[in-house]
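Just so it is clear, the structure is predicted and the values come from calculations on it, not from any experiment.
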Amino acid sequence: MVDVRIGDAERERALERLGRHVGDGRLDLAEFSTRSGQVTAARTASELAAVEADLPRLPRPADPERERRVRRTVLAATWGPWALTAVIVVTIWAAVALGGGGGYFWPIWVIGPWGAVLALGTLTGRSVAGPCGRARTGAERVHRVHAPS
């Protein structure tokens, strides 16, 4: 198998990872200096990988664009069903009201409390659902509140 040559960008990323390992206490400054020289001299991907072979993989840094996309997706998944339901019940109410069936705006009892809970969750950044979007059981809520610290 042919080893792939690396460029300056790969070397810079490797040096940044080594710096994070120093900050985490996995490498001392002398070892960092030695490994930095090896990274600078590396010409292929396997030479670069050998420098970091005994170190754990670091988590990827947060990507702000990805976080914005995830937030938009969560908001759409949260508010989309509410908006669809609101359109349906208001349409039914309007059809009945135009047909002479009274003017009491009953959809408020469908979309009002649900919208208030969603608004509270959106404003506080907290969900009323538990892990994986499922509602917590009473036992799970009690366990979380009374769990030993």
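Applying the salt bridge (charged side-chain N to carboxylate O under 4.0 Å, His left out) criterion to Asp8, with sequence neighbours excluded, gives Arg11. Thr40 pairs by the side chain to side chain contact (heavy atoms under 4.5 Å, CB included) definition with nothing, not counting sequence neighbours. Qualifying side-chain hydrogen bond (donor to acceptor under 3.5 Å, both in side chains) partners for Glu65, counting only residues two or more places apart in sequence or in other chains: Arg68. Shown here are the side chain to side chain contact (heavy atoms under 4.5 Å, CB included) partners of Thr34, two or more places apart in sequence or in another chain: Gln38. Listed by chain and residue number, nothing satisfies the side-chain hydrogen bond (donor to acceptor under 3.5 Å, both in side chains) test with Arg72 (two or more places apart in sequence, or in another chain). By the side-chain hydrogen bond (donor to acceptor under 3.5 Å, both in side chains) test, Trp79 is found to be paired with Thr122, residues two or more places apart in sequence or in another chain being considered. Annotation: side-chain hydrogen bond (donor to acceptor under 3.5 Å, both in side chains) contacts of Arg26 (sequence neighbours excluded): His21, Asp24.
Under the 4.5 Å side-chain contact rule for hydrophobic residues, Val110 and Leu120 do not share a cluster. Residue Trp114 is grouped with residue Ile88 when hydrophobic side chains (ILVMFWY) are merged at heavy-atom distances under 4.5 angstrom, including chains of intermediate members. The cluster map of Ile, Leu, Val, Met, Phe, Trp and Tyr, joined by side-chain heavy atoms under 4.5 Å apart, puts Val90 and Leu84 in the same cluster. Following chains of ILVMFWY side-chain contacts shorter than 4.5 Å, one cannot reach Leu98 starting from Val89, and the two form parts of different hydrophobic clusters. Residues Trp82 and Leu75 are members of one and the same hydrophobic cluster, defined by side-chain heavy-atom contacts under 4.5 angstrom among Ile, Leu, Val, Met, Phe, Trp and Tyr.
Hydrophobic side-chain contacts under 4.5 Å tie Val39 into a cluster, directly or through other members, with Ile6, Leu15, Leu18, Val22, Leu27, Leu29, Phe32, Leu48, Val51, Leu55.
Inter-residue side-chain proximity for Pro59 and Arg20 is flagged as met; some heavy-atom pair is nearer than 4.5 Å.
Counting only distance, with no hydrogens or angles, the side chain of Glu10 and the backbone of Gly7 share a donor-acceptor pair below 3.5 Å.
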Counting only pairs under 3.5 Å, give me each side-chain donor-acceptor contact of residues 102-109, with atom names and distances, residues two or more places apart or in other chains.
from   : atom 1 : to     : atom 2 : distance (Å)
Tyr104 : OH     : Trp109 : NE1    : 2.7

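For residues 37-56, no pair satisfies ring-ring contact (aromatic ring centres under 6.0 Å, His included), with sequence neighbours left out. Among pairs with a residue in residues 86-99, none fulfils side chain to side chain donor-acceptor pair (under 3.5 Å), at least two apart in sequence or across chains. The side chain to side chain donor-acceptor pair (under 3.5 Å) contacts involving residues 41-55 comprise Asp3-Thr44, Asp3-Ser46, Arg17-Glu52, Arg35-Asp54, Thr44-Ser46, where partners must be two or more places apart or lie in separate chains.
Nearest heavy-atom pair, Ala76 versus Pro81, reported as atom, atom and distance to 0.1 Å: O-CD, 4.1 Å.
For the atom pair OG1 (Thr78) and CZ (Arg71), the distance works out to 9.0 Å, reported to the nearest 0.5 Å.
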